[in-house]
Amino acid sequence: MIPLKFIRQNQETVRRGMQSKGVAENRLDELLDLDTKVRKKISLVENLKARRNQASQEIGQLKQAGKTAEREIAAMGDLSQQIKALDQEIHQLQEQIQQHLLWVPNLPHPLAPIGPDPSHNRVLRTVGEAVQPAFEARDHLDLLTLLGLVDFEAGARIAGRGFPLYTDRGALLERALINFMLDLHTRERGYTEIYPPFMATRQTTLMTGQLPKLEDDMYITDSDDMFLIPTAEVPLTGIHQDQILLENNLPRKYVAFSACFRREAGSYGKETRGLLRIHQFNKVELVKLVHPAASYDELETLRDDAEEVLRRLSLVYRVVELCTGDLSFAATKCYDLEVYAPVADQWLEVSSCSNFEAFQARRGNIRFRRKDTGKLDHVHTLNGSGVATPRLLAALLETCQQPDGSVTLPEALVPYYGEEELILP
RNA sequence: GGAGGAGUGGCUGAGUGGUCGAAAGCGGCGGUCUUGAAAACCGUUGACCGGUAUCCCCGGUCCGGGGGUUCGAAUCCCUCCUCCUCCGCCA
């Protein structure tokens with residue numbers, strides 16, 4: 001949420017920000033128009049209310065003194081009706097304003113690369129060397145099948161396309177990956193582990209910015225208006241909704257494993273092979289609530305925490321800074337981590353690390369008390385995947401495969417999986 | 001699912017139609033004292049919106065959310081939500 005006052009006073013800045021994110025601006029004009037209208041009415045009704053308050057007080061004094069106030073009371077009836085009517089109009093206008101406000105995206109950081117689409121993203125660095133195997137290698141789907149790790153047909157029978165069913169060693173390997181990542185972030189990186197609800201209310205989903213824009217991309221329950229979480233970002237950021245934190249308790253760092261549910265409406269046919277784009281997947285998510293002055297430093301360490309997963313697994317990856325047009329609705333700045341899948345010769349996004357500044361905190365009313373001034377202020381929120389499993393698994397299998405199709409696991413994973421390699425069944 | 005009880009400021013908690021944005025305590029902030037700290041004492045301390053207005057000033061709104069009654073609502077009525085207790089059912 002961008003504060004209405006800021007929008008009013010910085011119209012051109014907001015307009016440029018919306019343009020660079022590729023968001024239609026017609027709502028902005030309507031918004032400003034409604035704002036002017038409603039403020040006129042507000043000042044009108046506030047004057048009336050001031051009169052009413054004064055008169056009511058006088059009536060109270062008369063009654064207290066044991067006198068009658070019939071004449072005064074009779075004079076008030078009309079005023080009250082006017083106020084009621086105006087209040088209703090104002091209420092309606094403000095509801096409209098609120099709706100428009102929810103569609104104003106966060107503004108990109110001034111130094112974010114400007115551009116309309118991913119081709120303008122900036123590759124900051126590549127870790128490791130992107131080389132293809134010397135032998136005739138299999139891609140991740142062939143390896144999954146060969147090793148018997150995932151049964152796509154069974155998943156489809158149960159829930160339809162895009163719901164993989166991990167079997168036996170595949171299930172174990174998935175669990176090993178999740179445990180490895182959780183332990184890394186909790187034991188070495190100072191995150192507090194959370195096991196959150198996998199559903200969230202409309203309000204919570206609105207807070208993180210998934211709504212209203214991405215409603216079509218989410219699974220929703222008709223009878224309760226609940227949303228299956230598309231990422232644990234939603235519940236984790238929601239933990240402190242409507243709360244006031246102590247400055248001493250910042251930053252708060254949370255990590256959670258969750259299943260993530262995405263309808264992926266409109267992306268059929270893109271990257272659909274194997275595990276690359278599915279409706280339900282597992283992810284370990286990092287969320288931080290931080291002091292505003294620290295949020296950009298915290299973004300760097302968050303990114304590093306996510307990168308550490310890939311480093312420990314000895315995978316080749318690159319760090320990409322997103323351009324304005326590719327930034328999500330709520331983000332000001334974002335790094336994607338893309339892991340290299342050598343057989344597909346593709347860079348697969350496994351993590352997005354974003355700073356939302358106060359955008360989500362304003363929507364969720366998450367504040368802290370400043371030590372220096374004693375005043376309240378909104379925290380800054382950040383999140384990043386640390387990381388999502390399906391593409392990680394795809395890259396891992398392709399990278400670590402041997403000529404016969406067996407896979408030698410990275411050392412870091414061995415204690416979790418219990419064996420050093422996946423041999424052919 | 002059924003029956004009760006409760007939701008008040010950062011926290012605990014008083015307040016059942018009028019000068020109540022709300023007692024008191026805790027906490028926070030400032031000060032006195034102290035080598036320093038603690039304790040004690042003194043003072044201070046709600047949020048949000050608007051008024052060309054980051055501080056002062058003026059007005060308005062806010063006592064779980066929404067609606068209603070009234071000249072006037074924290075207080076009365078309706079409704080929804082959440083929490084607690086008991087009963088039933090179920091993992």
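Naming: A, B, ... by sequence-line order, numbering from 1 per chain. Keep in mind that what you see is a predicted model, and the values were worked out from it rather than measured.
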Rounded distance (Å) that lies between atom [atom2] of [N] and atom [atom1] of [X]:
| X | N | atom1 | atom2 | answer |
| --- | --- | --- | --- | --- |
| A:Gln88 | B:rG68 | CD | C1' | 11 Å |
| A:His91 | B:rG65 | NE2 | P | 14 Å |
| A:Leu86 | B:rG50 | CG | C1' | 15 Å |
| A:Lys375 | B:rU44 | NZ | C1' | 12 Å |
| A:Phe368 | B:rG28 | CZ | P | 18 Å |
| A:Phe6 | B:rC48 | CZ | P | 18 Å |
| A:Gln9 | B:rG51 | CD | C1' | 13 Å |
| A:Asn365 | B:rG65 | CG | C1' | 14 Å |

Output yes when [X] and [Y] qualify as a salt bridge under the 4.0 Å nitrogen-oxygen rule, no when they do not.
| X | Y | value |
| --- | --- | --- |
| A:Arg311 | A:Asp304 | yes |
| A:Asp142 | A:Arg273 | yes |
| A:Arg312 | A:Glu308 | yes |
| A:Glu419 | A:Arg169 | no |

Interatomic distance at [atom1], [N] relative to [M], whole Å:
| N | M | atom1 | answer |
| --- | --- | --- | --- |
| B:rU79 | B:rG27 | P | 43 Å |
| B:rA38 | B:rA23 | P | 28 Å |
| B:rG28 | B:rA22 | P | 24 Å |
| B:rA37 | B:rG50 | P | 42 Å |
| B:rU34 | B:rC26 | P | 24 Å |
| B:rA73 | B:rG15 | C1' | 14 Å |
| B:rG67 | B:rA6 | P | 24 Å |
| B:rG65 | B:rU82 | P | 15 Å |

Stretch residues 196-208 of chain A: residues that reach within less than 4.0 Å of RNA chain B through a heavy atom: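 Hits under 4.0 Å, by residue number: none.
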
Hey, can you pull the donor-acceptor pairs under 3.5 Å for the side chains in residues 235-248 of chain A, sequence neighbours left out?
| residue | atom | partner | partner atom | Å |
| --- | --- | --- | --- | --- |
| A:Thr237 | OG1 | A:Glu233 | O | 2.7 |
| A:His240 | ND1 | A:Gln243 | OE1 | 2.8 |
| A:His240 | NE2 | A:Tyr254 | OH | 2.6 |
| A:Gln241 | NE2 | A:Thr204 | OG1 | 3.2 |
| A:Gln241 | NE2 | A:Gly238 | O | 3.4 |
| A:Asp242 | OD1 | A:Asn365 | ND2 | 3.4 |
| A:Glu247 | OE1 | A:Lys371 | N | 2.6 |
| A:Asn248 | OD1 | A:Lys371 | NZ | 2.8 |

Heteroatom pairs (N/O) under 3.5 angstrom, protein to nucleotides 56-61 of chain B:
| residue | atom | partner | partner atom | Å |
| --- | --- | --- | --- | --- |
| B:rG59 | N2 | A:Glu46 | OE1 | 3.1 |
| B:rG59 | N2 | A:Glu46 | OE2 | 3.4 |
| B:rG60 | OP1 | A:Asn53 | ND2 | 3.0 |
| B:rU61 | OP2 | A:Asn53 | ND2 | 3.4 |

Among A:Leu413, A:Val150, A:Ile178, which residue satisfies the side chain to side chain contact (heavy atoms under 4.5 Å, CB included) criterion with A:Leu173?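 The side chain to side chain contact (heavy atoms under 4.5 Å, CB included) with A:Leu173 is passed solely by A:Leu413 among A:Leu413, A:Val150, A:Ile178.
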
Salt bridge (charged side-chain N to carboxylate O under 4.0 Å, His left out) involving A:Asp305 - partner list, sequence neighbours excluded: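 A:Asp305: salt bridge (charged side-chain N to carboxylate O under 4.0 Å, His left out) contacts with A:Arg189.
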
Using salt bridge (charged side-chain N to carboxylate O under 4.0 Å, His left out) as the criterion, list what pairs up with A:Glu46, not counting sequence neighbours.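 With neighbours one apart ignored, the set is empty.
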
So, using side-chain contact (heavy atoms from CB on, under 4.5 Å) as the criterion, who are the partners of A:Met199 when residues are at least two apart?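 Per chain and number, A:Met199 pairs via side-chain contact (heavy atoms from CB on, under 4.5 Å) with A:Thr221, A:Met226, A:Leu228.
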
Which part of the nucleic acid, if any, lies within contact of A:Arg8, taking any heavy atom under 4.0 Å across all strands shown: a base, the sugar-phosphate backbone alone, or nothing?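 Result for A:Arg8 = sugar-phosphate.
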
Return yes if some donor-acceptor pair links the side-chain N/O of A:Glu89 with the main-chain N/O of A:Leu86 below 3.5 Å, else return no.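 Side chain of A:Glu89 to backbone of A:Leu86: no pair is present.
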
Taking only residues two or more places apart in sequence or in another chain, which ones pass side-chain hydrogen bond (donor to acceptor under 3.5 Å, both in side chains) with [X]?
| X | result |
| --- | --- |
| A:Thr389 | A:Glu174 |
| A:Glu421 | none |
| A:Asp117 | A:Ser119 |

Below 3.5 Å is the cut-off: list the nitrogen or oxygen pairs between protein and nucleotides 9-12 of chain B, distance only.
none

Is a side-chain donor-acceptor pair under 3.5 Å present for A:Thr201 with A:Gln203?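 Result is no, nothing qualifies.
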
Heavy-atom distance under 4.5 Å between the side chains of A:Arg277 and A:Arg391, does that happen here?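 A side-chain contact exists here, since the closest heavy-atom pair is under 4.5 Å.
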
Residue from A:His380, A:Lys288, A:Glu357 passing side chain to side chain donor-acceptor pair (under 3.5 Å) with A:Ser295: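 Filter result, single survivor: A:His380.
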
Could you go over nucleotides 15-22 of chain B and give all protein N or O partners under 3.5 Å, atom names and distances?
| residue | atom | partner | partner atom | Å |
| --- | --- | --- | --- | --- |
| B:rG18 | N2 | A:Ser56 | O | 3.0 |
| B:rU19 | O4 | A:Gln64 | OE1 | 3.2 |

Could you write out RNA chain B as dot-bracket? Rules: Watson-Crick or G-U wobble, both distances under 3.5 Å, brackets [ ] for crossings, | for pairs with another strand, dot for unpaired. ((((((((.[[[..)..(.....]]]((((((.......))))))((((((.....)))))).[[[[[..)....]]]]])))))))....

Ignoring backbone atoms, test whether A:Arg39 places a side-chain nitrogen or oxygen under 4.0 Å from the OP1 or OP2 oxygen of B:rC49.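 No, outside the criterion.
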
So, is A:Ser80 close to the B:rG72 phosphate, meaning a side-chain N or O under 4.0 Å from OP1 or OP2?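 So the side-chain polar atoms of A:Ser80 do come within 4.0 Å of the phosphate oxygens OP1 or OP2 of B:rG72, strictly under.
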
Just wondering, are more than 12 heavy atoms of other shown residues or ligands nearer than 6.0 Å to CG in A:Leu424?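 Atom CG in A:Leu424 is crowded, with more than 12 foreign heavy atoms closer than 6.0 Å.
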
